[in-house]
Amino acid sequence: DQQVKQNSPSLSVQEGRISILNCDYTNSMFDYFLWYKKYPAEGPTFLISISSIKDKNEDGRFTVFLNKSAKHLSLHIVPSQPGDSAVYFCAASKTSGTYKYIFGTGTRLKVLA
Amino acid sequence: EPEVTQTPSHQVTQMGQEVILRCVPISNHLYFYWYRQILGQKVEFLVSFYNNEISEKSEIFDDQFSVERPDGSNFTLKIRSTKLEDSAMYFCASYGFGGYGYTFGSGTRLTVV
């Protein structure tokens, strides 16, 4: 029961270019979405979130776009830096904050210097 | 920056033994969670805990699992009789109002042999 899917297991991008990570979900009850970044041997680190009442949220180099009709969200990183190399997890929840998150399988981003 | 602290970082145990994984959530957080990640797979929800009781649990969280907040600071996950398939990274997380997402700890790698 894969309610949250990240279909690209890996992505390589040149330093300075845009990284676009994609995520699809199936449950229309989800109304809060998050991106977490994970380095090896560390826990996931919160990156950015978006509520279903918005279609875009921006924080510095990171922008998340939400297309509710397509049940699709994406994370844009501009410009990409070598330190961005990590596994990125998309997560969805039925409401902000307190409810359980359903995670995707992750996309490993490698930013090449 | 406040942190969620997990101990031990790595635990090796014999099949059938009991293990207790420990977590110290962020001090003013009220919602606590355990997730796990089997190697190469997605991060999966186990249980959420609020107001000294379980608020939700997954199918994974069967009778072999229990959680406890024995004092004002610790939050523990106990596995009564470990199985080989319990080998995974276990992540504790906490959430406080006003935040945008959980804060995760660095995880405990549990290896059942």
Side-chain angles (χ1 to χ4, degrees), chain A residues 1-10 23-25 27 29-52 54 57-60 62 64 73 75 86-108, chain B residues 1-10 21 23-26 29-51 53-61 67 88-109:
Chain A
D1 178 20
Q2 276 193 288
Q3 298 186 65
V4 179
K5 301 178 193 178
Q6 293 176 256
N7 291 319
S8 298
S10 63
C23 178
D24 297 294
Y25 62 96
N27 190 337
M29 297 294 290
F30 290 144
D31 60 6
Y32 191 65
F33 306 91
L34 311 97
W35 285 94
Y36 276 81
K37 175 168 129 175
K38 187 180 179 303
Y39 294 116
E42 293 184 14
T45 302
F46 172 77
L47 204 54
I48 193 167
S49 62
I50 188 166
S51 164
S52 60
K54 293 186 171 184
N57 189 25
E58 194 171 348
D59 183 2
F62 302 92
V64 55
L73 63 155
L75 175 68
V87 178
Y88 289 78
F89 290 97
C90 164
S93 177
K94 289 185 181 177
T95 187
S96 64
T98 63
Y99 285 82
K100 68 181 180 188
Y101 298 167
I102 306 298
F103 283 87
T105 49
T107 297
R108 182 177 301 279
Chain B
E1 176 112 18
E3 287 186 342
V4 174
T5 305
Q6 289 187 245
T7 54
S9 56
H10 192 186
L21 309 183
C23 170
V24 179
I26 292 173
H29 284 187
L30 299 176
Y31 296 85
F32 314 112
Y33 310 86
W34 284 99
Y35 283 74
R36 79 173 186 190
Q37 184 184 27
I38 294 172
L39 187 63
Q41 298 185 25
K42 63 180 178 181
V43 178
E44 299 176 290
F45 169 76
L46 291 179
V47 66
S48 58
F49 191 87
Y50 169 71
N51 201 24
E53 60 183 29
I54 290 173
S55 41
E56 188 173 1
K57 60 183 180 180
S58 71
E59 294 170 353
I60 303 167
F61 194 90
V67 289
M89 280 291 287
Y90 287 81
F91 295 106
C92 174
S94 69
Y95 175 79
F97 285 115
Y100 294 102
Y102 307 160
T103 301
F104 282 88
S106 295
T108 293
R109 178 172 298 283

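The model shown is predicted, which means the values in this text are computed figures rather than measured ones. To find a chain, count down the sequence lines: A is the first, B the second, and so on, and within it residues start at 1.
- Of the listed residues (F89(A), Y39(A), Y36(A)), the greatest number of heavy-atom pairs within a distance under 4.5 Å of chain B belongs to Y36(A).
- Under the 3.5 Å distance criterion, the side-chain polar atoms of Y35(B) are matched with a main-chain donor or acceptor of Y101(A).
- Only the side chain of F97(B) comes within less than 4.5 Å of a heavy atom of chain A; its backbone N, CA, C and O stay farther away.
- The CE atom of M89(B) sits 7.5 Å away from the OG atom of S106(B) when rounded to the nearest 0.5 Å.
- Taking every heavy atom of both residues into account, N57(A) and I48(A) meet most closely at O-CD1, 3.5 Å.
- A distance of 9.0 Å separates CZ in R108(A) from NZ in K38(A), rounded to the nearest 0.5 Å.
- For the pair V4(A) and C90(A), the tightest heavy-atom approach, listed with the atom from each and the gap, is CG1-SG, 3.8 Å.
- Proximity to chain B is limited to the backbone of A41(A), based on heavy atoms less than 4.5 angstrom apart.
- Within the 4.5 angstrom heavy-atom criterion, only side-chain atoms of Q37(B), from C-beta onward, approach chain A.
- If you measure heavy-atom distances from S49(A) to chain B, the contacts under 4.5 Å come from the side chain alone.
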